[in-house]
Protein chains: 2
Amino acid sequence: MKAQRNTKQRQLILWIVSNRHDHPTAEQIYLEAKTKNKKISRSTVYRNLGILVAQGKIIQTKMPTSDHFEAVIKDHYHFVCSKCGAIFDTPLDYDSTINDSLAEKTGFVVTKHRTVFEGICAECLKKESK
Amino acid sequence: MKAQRNTKQRQLILWIVSNRHDHPTAEQIYLEAKTKNKKISRSTVYRNLGILVAQGKIIQTKMPTSDHFEAVIKDHYHFVCSKCGAIFDTPLDYDSTINDSLAEKTGFVVTKHRTVFEGICAECLKKESK
DNA sequence: ATGGGTGCAAAGTGTTTGCAAGTAT
DNA sequence: ATACTTGCAAACACTTTGCACCCAT
């Protein structure tokens, strides 16, 4: 791996992702970054998100319309509300045994898995019942 | 739900998705559709894929760069090779109990979950060891 | 000093949409 | 006959890239 710098922009982006817990998109991160650094560009945000993901410092999750980012905590699963689109971390334990189980059955190397639940969140359920 | 027709194009698209087992993208489906119907347009493919997904006849899975489609068989999980990008169905059983478990813990309505495994497929492992 | 990184604008992808004409029901 | 659907082209949203300048190491 080639030497990588630790620029102000990269630090800022990592800081933003680490300090919000709402799984922001690249655009949301860009908007917040701009409040701290008026000159920062979208490309810098996208590039650094990619680098930080490659470094294993943040996690990228595919969702309808665009990807969402979050700091690495420990492996966990997500829930997306199909009404409002909000994303939540689930309180379920990460089941690493199924990686091994799949590896055994297929002969593949299985490094991880991602699970996204779908349904309706408490907030939207409340609105519906009115 | 408003009345929906069953056009030749829609039938063709469903037929294509049902008859290949390689999880094609919209573009791949479009290309195959064009061999049977030279006039068909991309928009028709996209529109019908959306309708077929809404009808529950096919499944859409988010993957890097673009979505992939497949006929509904039964709930199952996918594996993506991080080397070659190939997608496979896994031989693992779908665990519906975790939906209930999450619903219980959160008070959300949980309709389903999707899991994607990541790693290196047998084919690529073979190449690597040379 | 040197080569990774930045900002800008332009170019790409993948997907959606407006509209007039076509067609399943 | 009605209104859903098509094909086309243009528009979109999100992301990537080329390039000259900049700055962390």
Side-chain angles (χ1 to χ4, degrees), chain A residues 1-17 22-70 80 82 85 87 116, chain B residues 1-17 22-55 57-70 80 85 87 116:
Chain A
M1 193 196 289
K2 57 185 171 183
Q4 290 185 314
R5 295 181 186 170
N6 194 13
T7 60
K8 294 197 174 81
Q9 293 89 335
R10 189 166 303 163
Q11 287 165 25
L12 173 59
I13 291 164
L14 179 54
W15 183 88
I16 290 173
V17 175
D22 63 341
H23 307 77
T25 61
E27 181 68 14
Q28 292 173 314
I29 294 162
Y30 165 66
L31 290 174
E32 181 166 345
K34 256 208 326 196
T35 68
K36 316 268 181 194
N37 173 345
K38 303 193 191 294
K39 284 286 192 178
I40 202 168
S41 75
R42 268 190 192 62
S43 0
T44 298
V45 172
Y46 276 100
R47 271 188 292 237
N48 279 305
L49 285 173
I51 290 168
L52 290 167
V53 167
Q55 291 178 343
K57 292 182 181 163
I58 64 177
I59 288 172
Q60 180 169 22
T61 307
K62 300 220 146 296
M63 298 283 176
T65 72
S66 67
D67 291 359
H68 292 247
F69 299 85
E70 68 190 299
V80 203
S82 40
I87 298 167
V116 179
Chain B
M1 190 197 287
K2 58 185 173 185
Q4 291 185 314
R5 296 182 185 166
N6 194 13
T7 60
K8 295 197 174 82
Q9 292 88 335
R10 188 165 303 160
Q11 288 166 22
L12 173 59
I13 291 164
L14 180 54
W15 183 88
I16 289 172
V17 175
D22 63 341
H23 307 78
T25 61
E27 182 67 13
Q28 293 174 312
I29 294 161
Y30 165 65
L31 291 175
E32 181 166 345
K34 257 207 328 193
T35 67
K36 315 268 182 192
N37 173 346
K38 304 194 190 295
K39 284 285 192 178
I40 200 167
S41 75
R42 267 190 198 42
S43 2
T44 298
V45 173
Y46 277 100
R47 269 188 295 237
N48 279 306
L49 286 172
I51 289 167
L52 291 168
V53 168
Q55 290 178 343
K57 292 183 180 162
I58 64 176
I59 289 173
Q60 180 168 23
T61 308
K62 301 218 148 296
M63 298 284 176
T65 73
S66 67
D67 291 358
H68 291 247
F69 299 86
E70 68 191 299
V80 202
I87 297 167
V116 178

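In the text below, chain A, chain B and the rest are named by the order of the sequence lines, each starting its count at 1. This one's a predicted model, so the numbers in the text were calculated from it and none came from an experiment.
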Rounded to whole Å, NZ of A/Lys34 lies from C1' of C/dG7 at a distance of 13 Å
Which of B/Leu52, B/Leu12, B/Ile29 passes side chain to side chain contact (heavy atoms under 4.5 Å, CB included) with B/Val17? It is B/Ile29
Can you tell me if A/Gln9 touches the phosphate of C/dG7, counting only side-chain N or O atoms and a distance under 4.0 Å to OP1 or OP2? yes
Whole-Å distance, A/Asn6 CG to D/dC23 P, equals 16 Å
Taken to the nearest whole Å, CG/A/Asp67 to P/D/dA13 is 17 Å
For this session: Answer whether the closest heavy-atom distance between the side chains of B/Ser66 and B/Glu27 falls below 4.5 Å.
Result: no
Rounded to whole Å, the CD1-P distance (B/Ile51 to D/dA3) equals 18 Å
Review point. Contact class for A/Thr65 (heavy atom, under 4.0 Å): base, sugar-phosphate, or nothing?
Key: sugar-phosphate
Whole-Å distance, B/Tyr46 OH to D/dC8 C1', equals 16 Å
Next item on the list: Mind checking A/Lys38 for me? I need base, sugar-phosphate or nothing, with any heavy atom below 4.0 Å counting as a touch.
Entry: nothing
Out of D/dC8, C/dT15, C/dG5, minimum distance to the side chain of B/Ser41 belongs to D/dC8
Original post:
Going by heavy atoms in the side chains, are B/Gln55 and B/Val53 under 4.5 Å from each other?
Top reply: no
Do A/Ser43 side-chain and C/dC8 base share a donor-acceptor contact under 3.5 Å?
-> yes
Whole-Å distance, A/Gln11 CD to D/dC23 C1', equals 13 Å
B/Arg10 atom CZ is separated from C/dT25 atom P, nearest whole Å, by 10 Å
The side chain to side chain donor-acceptor pair (under 3.5 Å) partners of A/Arg10 (sequence neighbours excluded) come to A/Asn48
- Query: Quick one: does A/Gln9's side chain get under 4.5 Å of A/Asn37's, heavy atoms only?
  - Reply: yes
Just checking B/Lys62: base, sugar-phosphate only, or nothing, at a heavy-atom cut-off of under 4.0 Å? nothing
Phosphate-side-chain proximity, A/Thr7 and C/dG5, N/O vs OP1/OP2 below 4.0 Å: no
Examine the base of C/dG7 for any acceptor or donor lying under 3.5 Å from a partner atom in the side chain of A/Arg47, and report the outcome as yes or no. yes
Judged by nearest nucleotide, the residue sitting upstream toward the 5' end of DNA chain C, B/Glu27 or B/Lys8, is B/Glu27
Exercise. Return yes if the base of C/dG3 and the side-chain atoms of A/Arg5 contain a donor-acceptor N/O pair under 3.5 Å, otherwise no.
Key: yes
To the nearest angstrom, the CG-C1' distance between B/Asn48 and C/dT17 comes to 15 Å
